[in-house]
Amino acid sequence: MELTGDWQHYLASELEKEYMHDLRTFLCEEQKTKIIYPSRAEYFNALNTTPFKQVKVVILGQDPYHGENQAHGLSFSVKPGVKVPPSLVNIYKELEADLGIAPAQHGFLLQWAEQGVLLLNSVLSVEAGKANSHQNKGWEIFTDKIIELIDRKHQGVVFMLWGSYAQKKGRSIDREKHCVLESVHPSPLSAYRGFFGCHHFSKANEYLTQQNKKPIEWALEPIEGRGSEDGAQFGLPF
């Protein structure tokens, strides 16, 4: 595997470890007979869209959407023209209540990623129609390393940990160095138990401002003219 940009420097040795070779073998075998999301050219979109040195916010998801044409490598985001998933609908509702930003008419979050919001899933691939099907194949070790690097080498990053899975994965983050915002998951099954009213978007911007960093412009512009492959030109050599 390979990465573009500055992530290469930090993760090159990780990509050569045995567990990553095993993961690559697993994915190659899966792709022979099954549909895997996102496409292999999009596995590392989160990293290649948001360079290491530009990370200001991390929004941690679990694994990619497993429906057709949804996943493209950014957590909670879907490709242009795809119906906004229920969890993202609730994210937009909280954003509107928190900052008065009307819900976007699309679910393509590339504009957040380009501002330094690392939209990272814990697992970076999934079999079509089978949620969590690629858990415990090695991706979690790799994304733990990513979180560790951000925690250790950055100062003043906002981590948004929604739901028990994300909170468990982020439990080692240094709360003295970073801002860790936790709530229940924005899923319709849990959003009413604390996600609505969490004010994470305004809290993130307040913290970034205190750190003398430019706050995130959470309002998403229309995507007319931005092709469905925008932000997805990063491939893997297998």
Within-4.5 Å side-chain heavy-atom neighbours: D63 and H134: no

Going by ring-ring contact (aromatic ring centres under 6.0 Å, His included), name the residues that satisfy it together with Y10, two or more places apart in sequence or in a different chain. F52

Start with the C-alpha gap between Q105 and Y92, add the side-chain angles, then the distance that decides, and say whether side-chain hydrogen bond (donor to acceptor under 3.5 Å, both in side chains) holds. CA-CA 10 Å; Q105 299 304 303; Y92 287 168; over 6 Å; no

Distance col, row K177:NZ vs K153:NZ, nearest 0.5 angstrom, shows 9.5 Å

dist N121:CG -> L74:CG (nearest 0.5 Å) comes out at 9.0 Å

Under a 4.5 Å cut-off applied to non-hydrogen side-chain atoms, are E114 and T49 in contact? yes

So, K56 side chain and K214 main chain: donor-acceptor pair closer than 3.5 Å or not? yes

Donor-acceptor under 3.5 Å (H106 side chain, G81 main chain): no

Pairing residues for D144 by the side-chain contact (heavy atoms from CB on, under 4.5 Å) criterion, not counting sequence neighbours: K169

Kindly indicate whether the side chain of L208, heavy atoms from C-beta on, has any atom under 4.5 Å from the side chain of V57. yes

Here the gap from L99 atom CG to E94 atom CD, rounded to the nearest 0.5 Å, amounts to 8.5 Å

Please test I147 against L60 for side-chain contact (heavy atoms from CB on, under 4.5 Å), starting from the C-alpha separation and ending with a verdict. CA-CA 10 Å; I147 293 170; L60 189 61; 4.1 Å; yes

Salt bridge check: are K93 and E96 linked by an N-O gap of less than 4.0 Å? no

Quick check against the 3.5 Å criterion: does T4 have a side-chain atom that pairs as donor or acceptor with the backbone of N48? no

Is W112 reaching over with its side chain to a backbone N or O of W218, donor-acceptor style, under 3.5 angstrom? yes

Which value, rounded to the nearest 0.5 Å, describes the distance between L15 atom CG and W7 atom CH2? 11.5 Å

Cationic N near anionic O, under 4.0 Å, K203 to E206: no

Supply the atom-to-atom distance K79 NZ to I223 CD1, rounded to the nearest 0.5 angstrom. 12.5 Å

Can we say K137 and E30 salt-bridge, meaning some charged N sits less than 4.0 Å from an Asp/Glu carboxylate O? no

Test item: S77 side-chain N/O and A71 main-chain N/O as donor-acceptor pair under 3.5 Å: no

Any side-chain heavy-atom pair of N90 and P188 under 4.5 Å: yes

Are any side-chain N or O atoms of K130 and backbone N or O atoms of H66, one a donor and one an acceptor, separated by less than 3.5 Å? no

To the nearest 0.5 angstrom, please state how far the CD atom of Q155 sits from the CG atom of D174. 8.0 Å

Is there side-chain contact between Y19 and E140, with at least one heavy-atom pair below 4.5 Å? no

Would the distance check show the side chain of R175 and the main-chain N or O of I173 forming a donor-acceptor pair, the cut-off being under 3.5 Å? yes

